[in-house]
Amino acid sequence: MKSESEIKRAIDKYADMLQRICLLHLKNTQDAEDIFQNVFLKYAMYDYVFANEKHEKAWLIKVAVNECKDVLKSFYKRNILPSDVIEDMKSNGTWSMSFIADEDDKEKEIVLEAVLSLPEKYKTVIYLYYFEDYSGEEIADITKRSKSSVYKLLSRGRSILREKLGGDGFE
Amino acid sequence: MNKIKEAFQNVTAGEELKEKTLNNVLDELSKAEAKGRSVKQRRFAVAAVCIVFVFASVAFGGYRVYAKPVSYITVDVDSSVELGINRWGKVVATDSFNSEGEDLLRRNDVEGEEYQNALKRLFSDDEMIDSCKSGEEFLLSVLSEDEDIKKDVENICSGYGMRYNCQSANRKDREQSRKENISTGKYCHQKNQQKQRVQKQEQSSQEHNSDGQQHRIKNYKTQNHNTQNHDGKGQMKGKRATN
């Protein structure tokens with residue numbers, strides 16, 4: 001079992017990342033609180049020592065994605081539009097999305113909406129590649145897919161984004 | 001910096017959420033610690049009973065009976081997989097027939113689960129949900145002496161709102177599909193399609209034959225009629241002849 005200071009350090013360090021993963025998969029902000037609690041509780045109870053920070057981060061991503069998938073199993077939740085999440089976040093104080101309030105920066109919101117509207121299988125791969133700078137091999141390890149499948153998803157995801165955003169400008 | 005990075009960079013967790021999470025986690029940990037001792041003792045007792053039970057089962061060959069599949073379910077969409085189910089309805093063997101199926105089973109380790117839960121877990125996989133949403137047809141086959149399994153499978157499929165085709169298979173189908181290295185569901189589907197094709201061909205050749213016969217009769221009648229028209233005596237001759 002981990003100490004209070006270790007848990008606090010992990011929350012401070014990885015809360016933003018977890019928030020983004022929740023945003024990718026969840027359809028309402030209340031579920032995110034449960035995910036946070038479950039993921040960090042699992043972290044606190046995890047008895048094994050992580051080899052390094054990279055290992056710790058990858059472990060947290062895996063646990064968080066799985067937790068989100070458990071919540072998402074309801075068909076209803078899968079069918080709410082991504083724009084609903086953003087509206088939900090705008091009106092909810094626990095989620096901080098500073099640029100959403102900024103009228104001049106609508107472009108970022110459009111990019112974000114485009115990523116959120118991708119089919120489930122592309123979202124995590126696109127996020128890990130473009131935001132967390134993971135390589136295809138590392139993503140394959142985290143998502144338990146084969147390398148070729150990850151590259152296929154990346155290329156299809158990119159072409160959907162290209163269609164939605166009208167060009168390669170997002171890269 | 002890419003735009004996706006820029007877009008996500010501004011998504012951060014609020015301080016309130018962080019604080020709430022830390023408090024909740026610490027609360028849960030202290031509750032768990034308080035329960036710890038009694039839980040440990042109980043766990044030890046349960047583990048001891050389980051060990052004795054497992055040894056006894058192994059000694060009587062129970063494990064072999066447990067691990068032997070008696071029914072099989074195959075699922076084919078993009079992924080092609082087979083679940084082997086023992087007499088207690090648990091998945092004891094899994095197999096894939098393509099790389100998508102291999103990936104699907106790697107992401108969802110369903111061995112040891114009830115077959116209903118295993119199917120639900122597979123159908124909840126992102127790939128499956130996407131296939132379901134895009135209206136692809138799911139080919140399923142059930143090989144079992146227990147008819148309830150097929151009904152269960154169909155109910156689960158209906159619950160997910162998918163387009164599916166669920167067929168009953170027999171041991172011979174499975175053996176044959178194994179030889180062709182495809183799933184039993186796909187094999188049965190191909191067999192049915194072939195049967196339908198042959199039936200259609202037979203039907204169309206029958207229609208063709210009867211059409212030909214009718215055509216010949218028609219030709220004969222027209223020829224006869226023409227002869228009679230060209231030669232006015234024809235009719236009379238004919239009449240006389242019949243008389």
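Throughout, a chain's letter reflects where its sequence line sits, starting with A, and its residues are numbered from 1. Just so it is clear, the values below take in all heavy atoms, side chains as well, and ignore hydrogens, waters and symmetry mates.
Contact tally against chain B (heavy-atom pairs below 4.5 Å) for T143(A), D12(A), L41(A): the top residue is L41(A). When E132(A), R20(A), E4(A) are compared by the number of non-hydrogen pairs under 4.5 Å with chain B, R20(A) comes out ahead. When each of I7(A), D16(A), V115(A), I126(A) is scored by its heavy-atom pairs under 4.5 Å with chain B, the top score falls to D16(A).
At a 4.5 Å heavy-atom cutoff, the contact between Y127(A) and chain B is made by side-chain atoms alone. Of the atoms belonging to K18(B), heavy atoms from both backbone and side chain fall under 4.5 Å from chain A. For K152(A), the part lying under 4.5 angstrom from a heavy atom of chain B is the side chain only. Interface remark: L26(B) contributes side-chain atoms only to the contact with chain A (heavy atom separation under 4.5 Å). Neither the backbone nor the side chain of E102(B) comes within contact range of chain A; no heavy atom of the residue lies under 4.5 Å from a heavy atom of that chain. Heavy-atom distances place the side chain of D133(A), and not its backbone, under 4.5 Å from chain B. Neither the backbone nor the side chain of S148(A) has a heavy atom closer than 4.5 Å to any heavy atom of chain B. Neither the backbone nor the side chain of L18(A) comes within less than 4.5 Å of any heavy atom of chain B.
A donor atom on one side chain and an acceptor atom on the other are not found under 3.5 Å apart for S141(B) and H189(B).
Using a distance-only test at 3.5 Å, with no hydrogens or angles considered, a donor-acceptor pair links the side chain of N2(B) to the main chain of Y130(A).
Within the cation-pi definition used here (under 6.0 Å to the ring centroid, within 45° of the axis), R163(B) does not qualify as a partner of F138(B). Because its NZ or CZ atom is both nearer than 6.0 Å to the ring centre of Y129(A) and within 45° of the ring axis, R158(A) counts as a cation-pi partner of that residue.
Side-chain contact check for Q167(B) versus V142(B): every heavy-atom pair is 4.5 Å or farther apart.
The pair K42(A)-E67(A) meets the salt-bridge criterion, with a side-chain N (NZ, NE, NH1 or NH2) lying under 4.0 Å from an Asp/Glu carboxylate O. Salt-bridge formation is detected for the pair R121(B)/E113(B): a Lys NZ or Arg NE/NH1/NH2 atom is positioned less than 4.0 Å from an Asp or Glu carboxylate oxygen.
The aromatic ring centroids of F50(A) and Y46(A) lie less than 6.0 Å from each other.
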